[in-house]
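Below is one structure, written out as structure tokens, with a few remarks after it.
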Protein chains: 2
Amino acid sequence: MTPEQEAAMIANIRQFNRFYTMQLGLLQQHVFDSEYSLTEMRVIYEVHFNHQTTATGIREALNIDAGYLSRLLRNFEKKGLVIKHPLPEDGRSSYLQLTARGRKLMAQMNERSDVQIRQMLEGLTAQQRRQVGNAMNRVRGLLKAPGGQPRLEDVEIRHGLQPGDVGDIIRVHGQVYAEEYQYDLRFEQYVTETLHEFLPTYNPAKDRVWLATCFGELAGMIAIIHKGRGRAQLRWFLIRPAFRGIGLGKALMQEAMAFCRTQRFREVYLLTTNQQQTAAGLYVKAGFVKTASTPQHLWGQDVYEERYELKMPTGN
Amino acid sequence: MTPEQEAAMIANIRQFNRFYTMQLGLLQQHVFDSEYSLTEMRVIYEVHFNHQTTATGIREALNIDAGYLSRLLRNFEKKGLVIKHPLPEDGRSSYLQLTARGRKLMAQMNERSDVQIRQMLEGLTAQQRRQVGNAMNRVRGLLKAPGGQPRLEDVEIRHGLQPGDVGDIIRVHGQVYAEEYQYDLRFEQYVTETLHEFLPTYNPAKDRVWLATCFGELAGMIAIIHKGRGRAQLRWFLIRPAFRGIGLGKALMQEAMAFCRTQRFREVYLLTTNQQQTAAGLYVKAGFVKTASTPQHLWGQDVYEERYELKMPTGN
DNA sequence: CACAATTAGTTGATTTTGTCAACTAATTTA
DNA sequence: TAAATTAGTTGACAAAATCAACTAATTGTG
């Protein structure tokens, strides 16, 4: 990056900071017309979030004056929002905890915050809202904030191809395999070919492509393609690294298997290589058995191309 | 979107708000250890940014007490940061302007803000930094902030296909044409086919694909494909709606034409439809002439397929 | 056109918010 | 065991923000 580009980029972030400061309405000292100041609410939040924290813990987290904090806490105690539990191992400190009343206040504040957020999102389509969330998660994830791990509940699994999906499937395959196995352009070309070959025969009644998205961002995918005579091929099974370890692979595999059962496929097969170890585990767990392994030079790599097969239990 | 998903999404944004409040260090009332408070700096910034604004303008923009602002401004005037120009048409108001000293203070603050931003980006790769900027722009753009229009200086034009580029080209074509002309999956299939057809013959010495990216996000693209006997085809020329009107199409076209000249192509042609009016303008400006127009039923649409040709000036 | 109503900005009085330094008491270090 | 450190408290005070009463210019209205 040239110095000019870096300066442009920093100016851009500075603008975002100003914009977002405005958006948050952080200049108002009384949050959401409550009787509590921003600082007070931040203390309440800190007590709630870091359970079993002490005054010093809060002081360090929020970087506020010890004397000021002392008074704030005494006030909260007087109002019955916070309760102190003296520490047995240190007579100077106390654990802090929200009372039921304090938690109720928190909940109220969250509600008001939600109102603010809803206003912010007003006039946006569902897709755009997802994009906002997604972009925020990206900022937060990149700036190494805690809690950046996506949750399975936030991942939406849908099927059917919408505009951009075909390209997105290819893009994610190209990027992930380049990053993880140093596959080159030839691999992305291969994926393009598989989709080009599939699309003209795509029959939504017999073929199904599932896309897992998280706030609009493609998180993973899987597909079942009918091959005639009760056979089907499982394709394009991939979970992006950031979304691994949350059970998404399993969820997608379950969708695919459920579809295979309703379609009464007798046999499902798939092709992969010996390098895709994590996926292989999921194949085996789903009942697939490795039936062939042949050395190949594919996409500039020496790999074993492997074939897995699954005999479906014939329901009666 | 189900109510549960909406709640999850709002909770997610709330978390981002808390995270970013923290990130900005907005609880500190003295910005960057200066002798000025956050509010004071926001006033200075507002005077700088909205030139020829009045006290009321600032009061409305920042939503602060009129009396408080009055005192702040008097103080700034006393310190020689701001100057008042009485309004001829209204004896009660004055235009506000930063003095040279006030602008110097602004610049200093920007520098300190830049330091903060650099710290924030510390430890990120160039690509990750671009992603942060990109994601912020997306948030800002979606939440309809002013100044959301990207700048041509922030757009990087590169050539050569990197992992994910092929998929991204297809994805953007699919999405943009679906949004603007209601083309369906068949169009994305067609684009996939064109790339599938091109890739095996791709010769970086004779073919060139340019990608315009803005903080990591694909903004537009163009390609020149050699066809033998001094002929070449211009393909995949597209600017995403958000990046139109900033001269990006022109810049990409110039790159392409310059390449055609160095390659000494005698003739360049392209295929498009009568629906792509904006692009057609750029083709004509670059010297292309429409040579054929045939009615077709393509991708579920009745269109005229048009052919444009450009005879290259033979340099000696 | 005159007079009431409104608007832009100012000023005094006051409250809220945050800071600093001196302090106590418990705990740790030397 | 004494000195140093740490957690938290308190008093004095400064800075930031609010409220209400005010002036002067401008606008609206009968």
Side-chain angles (χ1 to χ4, degrees), chain A residues 21 25-47 50 52-79 81-97, chain B residues 21 25-47 50 52-79 81-97:
Chain A
T21 303
L26 282 180
L27 50 169
Q28 268 84 29
Q29 22 334 294
H30 277 270
V31 215
F32 307 126
D33 299 316
S34 72
E35 55 173 321
Y36 299 98
S37 71
L38 180 59
T39 309
E40 283 174 317
M41 278 319 300
R42 289 178 65 78
V43 170
I44 293 275
Y45 177 74
E46 205 64 25
V47 172
N50 299 306
Q52 298 212 316
T53 190
T54 63
T56 304
I58 292 174
R59 210 181 49 67
E60 280 168 0
L62 300 184
N63 199 32
I64 55 180
D65 181 76
Y68 184 29
L69 178 62
S70 175
R71 266 182 275 257
L72 289 180
L73 287 174
R74 191 174 47 197
N75 215 312
F76 290 152
E77 225 185 339
K78 208 174 76 191
K79 287 189 180 169
L81 299 170
V82 164
I83 193 162
K84 285 184 184 176
H85 302 283
L87 267 179
E89 68 268 28
D90 189 333
R92 298 167 302 176
S93 301
S94 298
Y95 281 141
L96 298 168
Q97 207 184 19
Chain B
T21 303
L26 282 179
L27 48 168
Q28 267 84 30
Q29 23 333 296
H30 277 271
V31 216
F32 309 125
D33 300 317
S34 72
E35 55 173 320
Y36 298 97
S37 73
L38 181 59
T39 308
E40 285 174 316
M41 279 318 300
R42 289 177 65 78
V43 169
I44 292 277
Y45 176 75
E46 205 64 26
V47 172
N50 299 306
Q52 298 211 315
T53 190
T54 64
T56 304
I58 293 175
R59 209 181 50 66
E60 279 168 1
L62 300 183
N63 198 33
I64 56 180
D65 182 77
Y68 186 28
L69 178 61
S70 175
R71 267 182 274 258
L72 289 180
L73 286 173
R74 191 173 49 196
N75 216 312
F76 289 152
E77 224 185 342
K78 207 174 74 190
K79 286 189 182 170
L81 299 170
V82 164
I83 193 163
K84 285 184 185 175
H85 301 284
L87 267 180
E89 69 268 28
D90 190 333
R92 298 168 302 176
S93 302
S94 300
Y95 280 143
L96 298 167
Q97 207 184 17

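Below, chain A is the first sequence line, B the second, and so on; all start at residue 1. Computed from a predicted structure; not experimentally measured.
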Protein-to-nucleotide contact annotation, 5' to 3' order, nucleotides 1-10 of chain C [B base; S sugar-phosphate only; - none; under 4.0 Å, heavy atom]: ------BSSB
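One interatomic measurement links the two molecules: CD of B:E35 to P of D:dA16, which rounds to 10 Å at whole-angstrom precision. Look at CG on A:L38: it is 12 Å from C1' on C:dT17, rounded to the nearest Å. Taking atom CG on A:N75 and atom C1' on D:dT10, their separation rounds to 15 Å, with Å as the unit. Look at OH on B:Y36: it is 13 Å from P on D:dA15, rounded to the nearest Å. Here the C1' atom of nucleotide D:dA15 and the CG atom of A:D65 are 13 Å apart, to the nearest Å.
Here the straight-line distance linking atom CG of B:D90 with atom OH of B:Y95 works out to 10.0 Å at 0.5 Å rounding.
Residue B:S94 comes nearest to B:P86 through the heavy atom pair OG-CA, 3.6 Å, listed as atom of the first residue, atom of the second, then distance.
Taking the side chain as every heavy atom from C-beta outward, B:E46 and B:T53 never approach each other to under 4.5 Å. Side-chain contact between A:I64 and A:V43: present, with at least one pair of heavy atoms (C-beta onward) separated by less than 4.5 Å.
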Heteroatom pairs (N/O) under 3.5 angstrom, protein to nucleotides 21-23 of chain D:
none

Could you go through A:L96 and A:K84, starting from their C-alpha distance and side-chain angles, then the distance that decides it, and tell me whether this counts as side-chain contact (heavy atoms from CB on, under 4.5 Å)? CA-CA 5 Å; A:L96 298 168; A:K84 285 184 184 176; 3.6 Å; yes
Criterion side-chain contact (heavy atoms from CB on, under 4.5 Å) on A:I83 and A:E77, from CA distance to verdict: CA-CA 6 Å; A:I83 193 162; A:E77 225 185 339; 5.6 Å; no
Please table the atom pairs, donor to acceptor, closer than 3.5 Å between any side-chain atom in residues 69-76 of chain B and protein atoms at least two apart or in another chain.
none

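The existence of a salt bridge linking B:K79 and B:E40 is excluded, since no basic side-chain nitrogen approaches an acidic carboxylate oxygen closer than 4.0 Å.
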